Amino acid sequence: MTAKEYLKQISRMESFIDVKRQRLNALKDLATNIGASAMDGMPKSPSKSSSPMADAVCKAIDLENEIKADEAKLQKRKVFMLDLIGTLENVDEQAVLIKRYFEHQSWENIAAELYYTTRWVYKLHGHALESLNHRFEGNAEVP
């Protein structure tokens with residue numbers, strides 16, 4: 001795995017966690033909405049659960065635990081990569097990588113903030129990834 005692939009993996013993990021948070025909010029909404037029970041006297045099909053609300057609460061708790069575990073793993077990976085980026089000699093290269101992969105800024109915004117052209121930022125990014133790759137591949141402690 002290259003450093004760029006690892007950085008993209010971090011970004012994907014953030015997206016997955018966001019989706020899980022949306023699912024959690026939906027489950028919480030479902031758990032707090034009490035449905036009206038029909039009092040028509042008609043027989044009901046046997047339900048495997050005594051309460052849909054209880055099911056939603058249990059699923060929400062399980063999902064919360066999953067999110068916490070994913071966040072801990074993500075935090076570990078981010079700290080590892082930020083430490084690795086911190087070993088680069090060129091501060092501009094560090095800034096480009098952090099702004100692009102951790103702050104999710106566009107190339108144009110990065111160029112404007114660093115007072116460079118977009119093309120130069122691309123070059124800095126390429127050099128930074130090259131340097132980072134050498135450090136990344138030589139590191140046995142990749143989480």
Side-chain angles (χ1 to χ4, degrees), residues 1-88 90-122 124-133 135-143:
M1 175 182 297
T2 65
K4 186 173 183 175
E5 291 169 343
Y6 195 79
L7 287 165
K8 285 183 177 184
Q9 192 177 60
I10 288 172
S11 183
R12 278 192 304 275
M13 283 181 74
E14 289 173 333
S15 296
F16 288 146
I17 290 171
D18 287 343
V19 169
K20 283 184 179 183
R21 282 191 189 121
Q22 290 172 354
R23 284 178 38 213
L24 178 63
N25 289 335
L27 280 170
K28 284 181 178 180
D29 287 346
L30 186 64
T32 57
N33 292 334
I34 301 174
S37 57
M39 303 294 264
D40 59 4
M42 294 299 291
K44 306 286 184 260
S45 64
S47 174
K48 57 186 166 205
S49 168
S50 59
S51 169
M53 186 184 300
D55 284 347
V57 169
C58 289
K59 286 180 183 178
I61 290 170
D62 290 343
L63 192 55
E64 261 180 345
N65 291 333
E66 266 184 56
I67 291 170
K68 285 178 187 175
D70 290 346
E71 285 175 335
K73 191 187 304 182
L74 176 63
Q75 185 72 16
K76 216 181 209 182
R77 290 180 181 196
K78 280 184 169 183
V79 168
F80 167 77
M81 195 49 89
L82 285 168
D83 287 345
L84 207 58
I85 290 170
T87 64
L88 298 177
N90 188 324
V91 178
D92 288 337
E93 290 178 0
Q94 291 180 22
V96 168
L97 291 176
I98 289 170
K99 289 177 184 305
R100 183 65 182 175
Y101 295 102
F102 291 91
E103 297 174 10
H104 307 290
Q105 291 188 22
S106 68
W107 295 113
E108 293 76 19
N109 285 349
I110 296 169
E113 281 189 30
L114 297 177
Y115 302 104
Y116 290 130
T117 64
T118 306
R119 185 175 175 148
W120 184 249
V121 170
Y122 293 151
L124 278 173
H125 177 258
H127 289 266
L129 284 178
E130 212 172 280
S131 299
L132 195 62
N133 249 349
R135 289 166 172 75
F136 184 77
E137 290 170 355
N139 197 320
E141 301 172 14
V142 178

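What you see is a predicted model, and the numbers here were worked out from it, not measured in a lab.
A salt bridge links E64 to K28: one of the charged nitrogens lies within less than 4.0 Å of a carboxylate oxygen. A salt bridge links E14 to K78: one of the charged nitrogens lies within less than 4.0 Å of a carboxylate oxygen.
For the atom pair OG of S11 and CG of L74, the computed distance is 9.5 Å after rounding to the nearest 0.5 Å. A distance of 12.5 Å separates CD1 of I10 from NZ of K73, quoted to the nearest 0.5 Å. N25 contributes atom CG, which lies 6.5 Å from atom CG of D29 (distance to the nearest 0.5 angstrom). Separation of atoms CG (L124) and CD1 (I110) is listed at 10.0 Å; rounding is to 0.5 Å. Distance check, rounded to the nearest 0.5 Å: CG of L27 to CD1 of I61 gives 11.0 Å. Rounded to the nearest 0.5 Å, atoms CG (D70) and CG (N65) are 11.0 Å apart.
Within the 4.5 Å cutoff, the side chain of T2 has no heavy atoms near those of the L132 side chain. Annotation: side chain of Y116 is in contact with side chain of D92 (closest heavy-atom distance under 4.5 Å). Inter-residue side-chain proximity for Y101 and M81 is flagged as unmet; no heavy-atom pair is nearer than 4.5 Å. Counting only heavy atoms from C-beta outward, the side chains of F102 and L7 approach each other to under 4.5 Å.
Checked against salt bridge (charged side-chain N to carboxylate O under 4.0 Å, His left out), E5 has no partners two or more places apart in sequence or in another chain. Scored by the salt bridge (charged side-chain N to carboxylate O under 4.0 Å, His left out) test, D18 finds R21 as partners (sequence neighbours excluded).
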Checklist line | side chain to side chain contact (heavy atoms under 4.5 Å, CB included) between L63 and R23, worked out | finding: CA-CA 8 Å; L63 192 55; R23 284 178 38 213; 3.7 Å; yes

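Counting heavy-atom neighbours within 6.0 Å of K20 NZ, excluding the residue itself, gives a total above 12.
Residue pairs meeting the ring pair (Phe, Tyr, Trp, His ring centres under 6.0 Å) criterion with at least one partner in residues 58-83, sequence neighbours excluded, are Y6-F80.
When the options H104, E113, H125 are evaluated for a side-chain contact (heavy atoms from CB on, under 4.5 Å) with K99, the one that passes is E113.
In terms of heavy atoms, A95 sits closest to L114 at CB-CD2, 4.1 Å.
Side-chain N or O atoms of R135 include one that pairs as donor or acceptor with a backbone N or O of S131 at under 3.5 Å.
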